Number of protein chains: 2
Amino acid sequence: MRTTIRDVAREAGVSPSTVSRALSMPGLVNSVTRERVLRAAQRLGYEPNRAARGLITGRTGNLGLIVPDLANPFFPSLVKGVQARAREADYAVFLADSDEDPAAESDLVRVLAKQVDGLILCSPRGREEDILTLAATTTLVMVNRRFGRVPSVVFDNSDGIRQAVAHLAALGHHRVAWVGGPRTSWSNRDRIRALRSATDAAGMDLYVAGHFPPQFEGGIAAADLIIASGVTSVVAYNDVMALGLLGRLRDRGLRVPQDISVIGIDDIQMSSMSSPTLTTVSLTKAQAGRAAVDLLLSLLEQPDGVRKPRRELPTQLLVRASTGVAPTD
Amino acid sequence: MRTTIRDVAREAGVSPSTVSRALSMPGLVNSVTRERVLRAAQRLGYEPNRAARGLITGRTGNLGLIVPDLANPFFPSLVKGVQARAREADYAVFLADSDEDPAAESDLVRVLAKQVDGLILCSPRGREEDILTLAATTTLVMVNRRFGRVPSVVFDNSDGIRQAVAHLAALGHHRVAWVGGPRTSWSNRDRIRALRSATDAAGMDLYVAGHFPPQFEGGIAAADLIIASGVTSVVAYNDVMALGLLGRLRDRGLRVPQDISVIGIDDIQMSSMSSPTLTTVSLTKAQAGRAAVDLLLSLLEQPDGVRKPRRELPTQLLVRASTGVAPTD
DNA sequence: CAGACTTCTGCAATCGCTTTCAGACTTCGG
DNA sequence: CCGAAGTCTGAAAGCGATTGCAGAAGTCTG
């Protein structure tokens, strides 16, 4: 049997109300009594039942986090950030992985929404109307996607990509290719837009190599198109794809960076372990997780009072070994 | 305002009790009434409040999952398995990452334990007494560690490692090194034991290269020792370390597998993307997650009636490009 | 057709906690 | 020394569900 507030009350010789107050609103209770209660609670190893508390306060002390695919190294980092910040704020985290399936996602959301105070949603391709419906009934924060007035945490893709293009230009490249991620993904659209404006500004040619699944295989699939296009440099939708690209380029006999320069986006762990190590636009993933929790918590405290329910996190080009001077042919 | 059971009752023109029964024990209620209730619930979008239900039934419908480090690719796979199986069984999953810190772990456990029906614990180095205390108060299943009578899901390391050694022997290797993980890790001990008995049986020399952090850096750190030892083949505690090893070996000018063969354990995604691709002992990580949930659920149903609260999952050597014929010098 | 069973439904208690309200006791100004 | 204000504490209601118990209606048997 778990110890309840009544046990503590009996042990301390006070009423349950006093125990409750001593624990959650000290100051309302005499310091001597409080001390006695705290010691009794300690002695009995009492931990309040959150469900019961939630029932009356309307707050569960839980957050929900929905990610499309935990196997993509981007997300574990994010989750860790969310986790860590949530724990600091004394919240527990429900995690759900939708397996890239928008339908499963809706289900998850419906089930989770009832059990949490707020939801952090990474749903690059969920339908906009679903998101609106959801936002109407739940406090939620979106990560890596901006949509309407829904609170969000995104990365400043433009800046990072501008840095990447500047880097390539400085190395003498004039032709750059884009290896695209999923057509419907918000960040894919955001990134290609940023890349286009950066290459335009720099007077570089841009070759867009369609859409590929955001996985290693996607990068492999894109490689031959890239080679055929004759570009000297390429920016990929994310690091995983860039690594796939790297592998296939090598298999085709191209040397990176001597023959072609490759840049990824994300800065996942593996990108510093590949060979050559990958130049990439680094995203502060854990920080995004923390920021999402912060935003969510402030929304919970003052539902309408948050001045700017949008956070944009800085990005930073990390130059490693996969970029080099443009080949002179 | 969320719709409660009373709303549904009013809408359907019955009492709350009837609604409750119609939803959770149909058959006890007239089919016509039931139909009416279900439609009303549907119309109002009613979802029972799990906290309230849990309060009286004593079941939360939640599971807890504690992992040491989500950044290690082994764990996301496990988490996905847990997730998927839990969802099928209509359970939600609390995830906590202890950041490899046993102290944080105890805290997490204490907080989570109150909110879940059972706990899945991946705690390679938690103190044994802590685990016992925990097991006494909570239903829990350990993954990747076997200890006392605590229910567990582990991999059959012996078999996989035996396959690996047989593979090396067949390639003509006589000297093999072990790149060890954390000294206190259960699976590290289990694996070195398995390796030792396999090499003994095969009449091979075994060189044990101490203990290293189970990360990429650990593999890098071990590489020079390995080179100095003069072995022709090496088995690493896990894939991440094997990849680190691969990188450093190349930097030192050794060719894999011509000069030295490398085998990992885990079969993480990256091991099929490295160059050379990594021969590895494949573990069915997602399946382990599912098995852990299954075991946990059956323990919840019949606390003492589970015949064999231990599952051992098969392992399988995956031969890829990092192993080859032993060099003849 | 009365009495015994079934079958179905509603009342009310309860889970563990928070919170309003009011009472008991101090303290203090007049 | 009395009344008002202030400080603490306890009794009780209630959050949203489940469930034992009992009554109402219907069915069956002799």
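Keep in mind that this is a model prediction, so the values were computed, not measured. In the text below, chain A, chain B and the rest are named by the order of the sequence lines, each starting its count at 1.
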At under 4.0 Å between heavy atoms, what does [X] touch on the DNA or RNA strands: base, sugar-phosphate, or nothing?
X       : result
B:Arg6  : nothing
B:Arg50 : nothing
B:Ser17 : base
A:Val19 : nothing

Complementary nucleotide of C:dA4, counting Watson-Crick and G-U pairs under 3.5 Å: D:dT27
Under 4.0 Å between a side-chain N/O of [X] and OP1 or OP2 of [N], yes or no?
X       : N      : result
B:Ser20 : D:dT18 : yes
B:Thr33 : C:dT9  : yes
B:Ser15 : C:dG10 : yes

B:Ser31 vs B:Leu55, nearer the 5' end of DNA chain C by closest nucleotide: B:Ser31
Atom CZ of A:Arg311 with >12 non-hydrogen neighbours under 6.0 angstrom: no
More than 12 heavy atoms from other groups under 6.0 Å of CZ on A:Arg43: yes
Choosing from [options], which nucleotide comes nearest the side chain of [X]?
X       : options                : answer
B:Asn30 : C:dC8, D:dT18, D:dG14  : C:dC8
A:Arg21 : C:dT19, C:dG10, C:dC17 : C:dT19
B:Met25 : C:dT9, D:dT19, C:dC17  : D:dT19

Given atom [atom1] of [X] and atom [atom2] of [N], what is their separation to the nearest angstrom?
X       : N      : atom1 : atom2 : result
A:Arg59 : C:dT19 : CZ    : P     : 11 Å
B:Arg53 : C:dG16 : CZ    : P     : 18 Å
A:Tyr46 : C:dG16 : OH    : P     : 10 Å
B:Ile5  : D:dT18 : CD1   : C1'   : 8 Å
A:Leu28 : C:dT20 : CG    : P     : 11 Å
A:Ile56 : D:dA13 : CD1   : P     : 13 Å
A:Asp7  : C:dG16 : CG    : P     : 9 Å
B:Glu47 : D:dG16 : CD    : C1'   : 14 Å

A:Lys80 to B:Ala71 - nearest heavy-atom pair and separation: CD-N, 4.1 Å
Check ion pair B:Arg39-B:Glu11 (N to O, under 4.0 angstrom): no
A:Asn144 and A:Ser187 side chains, donor-acceptor separation under 3.5 Å: no
